[in-house]
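Every value quoted in this text rests on a predicted model; they were computed, and no experiment measured them. Here, residue 1 is the first one in the sequence, and each next residue gets the next number.
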Amino acid sequence: MIDDDRPVLDDHLHLDPDNNRGIDAVRDFVRVGGTHMLVVNKPSWHLGVEADAGEDFRPVFERTLEIVEAASAELPGRAWPVLGVHPGLISRLVDERGYAPAEARKIMRGGIDVAVEYVESGDALALKSGRPHYEVDDDVWAASNAVMRRAFERGAELDCAVQLHAESSEDLTEVAEWAEDAGLPAHRVVKHYASGRLKGPVPSVICDKDELERAAERGEPFLMETDYIDDPNRPGAVLGPKTVPRRVAWLLEDGYDEAVRNAHVETPERVYGIDTESTLETV
């Protein structure tokens, strides 16, 4: 339990509005000192949407906004939505539904374009995109990269961050350069489920103690996340909602005060333009 009033942000987690813990997970987060969260929409098919066009993603985004509003009501800080298209959708479209990679690319880029509407209106904070973290054929890989590049282009237009789901790597400099080429500064590109040593995008470090120590010692901008998936069929797949506050307490005990401020105040402001201190209610 964290015994002082400071922002504690989980940079990437999912909340299921219908089928699992939802707001109970938020309450667990708050009970151990959590204050802010970035809630990423669940993969569209997990919410019962089999997209055939960009507009088909709209109900996924709307349900995410609803659960984010409910989460904010429970938090001493607030929650923000991150909207986009999970890169694993391309395999579902191509392998299970028979779309050609170029057709799947069009559907997914259309979904990014719809997500942009929510960022533009101020209803969402950032975009989500990426590419498969598993082996795919060349055409699917090229289509996935084209979707990700569209997210960079649209993020540059709005000056908003893009969170990436991508393969495990400690060097994604090339991807950050693609963003820069599109006009999106590299510090607005976030690699979710990252290691503490990542080069290129800003790492959103999964809350493994070793990786957090690496990030803290490195002294570069970083964020902390659980990737909590709120899936009743995979209860132990990733970390639980209490993990970020507990890891913050552990870092503070070990004297990493500056690293905690880096991850929960300075980097969120630099990447997303959010002020986690002024949005925190203190008694």
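Nearest heavy-atom pair, Y134 versus G88, reported as atom, atom and distance to 0.1 Å: OH-CA, 3.6 Å. Closest heavy-atom contact between P245 and V32: CB-O, 3.2 Å. Among all heavy-atom pairs drawn from A104 and I90, the shortest one is CB-CG1, 3.9 Å. Closest of all the heavy-atom pairs between L198 and S169 is CD1-O, 3.3 Å. Pairing each heavy atom of C207 with each of T243, the nearest pair is CB-CG2, 3.8 Å. A pairwise comparison of heavy atoms in L38 and Q163 identifies CD2-NE2, 3.8 Å as the closest pair.
For the salt bridge (Lys or Arg N to Asp or Glu O under 4.0 Å) condition, the pairs that include at least one residue of residues 185-198, sequence neighbours left out, are D159-R188, E170-R197. Under the salt bridge (Lys or Arg N to Asp or Glu O under 4.0 Å) criterion, the residue pairs touching residues 130-144 are R131-E167, with sequence neighbours excluded.
By the neighbour-count criterion of 12 heavy atoms within 6.0 Å, atom CD of E69 is sparsely surrounded, having that number or fewer from other residues, nucleotides or ligands. Residue E66 places its CD atom among more than 12 non-hydrogen atoms of other residues, nucleotides or ligands, all under 6.0 Å distant.
The same ILVMFWY cluster, assembled from side-chain heavy atoms under 4.5 Å apart, contains both L83 and I112. V271 is not connected to M224 by any chain of hydrophobic side-chain contacts under 4.5 Å among Ile, Leu, Val, Met, Phe, Trp and Tyr, and they are in different clusters. Residues V60 and L93 are members of one and the same hydrophobic cluster, defined by side-chain heavy-atom contacts under 4.5 angstrom among Ile, Leu, Val, Met, Phe, Trp and Tyr. Tracing side-chain contacts under 4.5 Å through hydrophobic residues (I, L, V, M, F, W, Y), one reaches L15 starting from F29; they form part of the same cluster. Following chains of ILVMFWY side-chain contacts shorter than 4.5 Å, one cannot reach V49 starting from V40, and the two form parts of different hydrophobic clusters.
Residues passing the salt bridge (Lys or Arg N to Asp or Glu O under 4.0 Å) test with E253, sequence neighbours excluded: none. Not a single salt bridge (Lys or Arg N to Asp or Glu O under 4.0 Å) links R247 to another residue, sequence neighbours left out. Shown here are the ring-ring contact (aromatic ring centres under 6.0 Å, His included) partners of H187, two or more places apart in sequence or in another chain: there are none. Judged as a salt bridge (Lys or Arg N to Asp or Glu O under 4.0 Å), and not counting sequence neighbours, E220 has no contacts. Residues that satisfy the side-chain hydrogen bond (donor to acceptor under 3.5 Å, both in side chains) test with D28, not counting sequence neighbours, are R21, R31. With sequence neighbours left out, the side-chain hydrogen bond (donor to acceptor under 3.5 Å, both in side chains) criterion links T267 to N262. Scored by the side-chain hydrogen bond (donor to acceptor under 3.5 Å, both in side chains) test, E50 finds R92 as partners (sequence neighbours excluded). For E120, there are no salt bridge (Lys or Arg N to Asp or Glu O under 4.0 Å) partners two or more places apart in sequence or in a different chain. In this structure, S129 has no side-chain hydrogen bond (donor to acceptor under 3.5 Å, both in side chains) partners at least two apart in sequence or on a different chain. Scanning for ring-ring contact (aromatic ring centres under 6.0 Å, His included) contacts around W80 gives H36, with sequence neighbours left out.
Of the possible polar contacts, none joining the D10 side chain to the G34 backbone as a donor-acceptor pair under 3.5 Å is found. Remark: the backbone N or O of P221 is not paired with any side-chain donor or acceptor of E266 at under 3.5 angstrom. For the pair N41 (side chain) and G84 (backbone), a donor-acceptor distance under 3.5 Å is present. In terms of modelled atom types and a separation under 3.5 Å, the side chain of H264 and the main chain of L9 share a donor-acceptor contact.
Annotation: side chain of P132 is in contact with side chain of S144 (closest heavy-atom distance under 4.5 Å). Put simply, the side chain of E225 reaches to within 4.5 Å of the side chain of I206, judged on heavy atoms.
In this structure, CD1 in I67 is found 4.0 Å from CD1 in I23, a value given to the nearest 0.5 Å. Remark: N145 CG to R105 CZ distance equals 11.5 Å, nearest 0.5 Å. Rounded to the nearest 0.5 angstrom, M108 CE and R150 CZ are separated by 12.5 Å. The CD atom of E177 lies 8.5 Å from the CD atom of E180; values are rounded to the nearest 0.5 Å. Expressed to the nearest 0.5 Å, how far CG of D254 lies from CD of E213 amounts to 6.5 Å. With rounding to the nearest 0.5 angstrom, the NE2 atom of H86 is 5.5 Å from the CH2 atom of W45.
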side-chain contact (heavy atoms from CB on, under 4.5 Å) between L75 and V30, intermediate numbers included: CA-CA 6 Å; L75 291 163; V30 172; 3.6 Å; yes
task: Show your working on side-chain contact (heavy atoms from CB on, under 4.5 Å) between V190 and Y272 and close with a plain yes or no.
output: CA-CA 10 Å; V190 177; Y272 302 109; 3.7 Å; yes
message: Show, in sequence, the C-alpha distance, side-chain angles and deciding distance for E277 and E269, and conclude whether the side-chain contact (heavy atoms from CB on, under 4.5 Å) test is met.
response: CA-CA 10 Å; E277 291 181 313; E269 183 169 10; over 6 Å; no
task: Might you work through the side-chain contact (heavy atoms from CB on, under 4.5 Å) test for V114 and E55, ending with a clear yes or no?
output: CA-CA 7 Å; V114 173; E55 277 297 318; 3.9 Å; yes
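A salt bridge does not link D181 with R149: none of the charged nitrogens is closer than 4.0 Å to a carboxylate oxygen. E157 has a carboxylate O that lies under 4.0 Å from a charged side-chain N of R154, or vice versa, which qualifies the two as a salt bridge. With respect to the salt-bridge test (charged N to carboxylate O, under 4.0 angstrom), the residues E211 and R214 qualify.
Under the side chain to side chain contact (heavy atoms under 4.5 Å, CB included) test applied with L164, the options L172, L127, V175 reduce to a single match, V175.
Note: F61 and Y118 have perpendicular aromatic rings, judged against thresholds of 30 and 60 degrees for the angle between ring planes.
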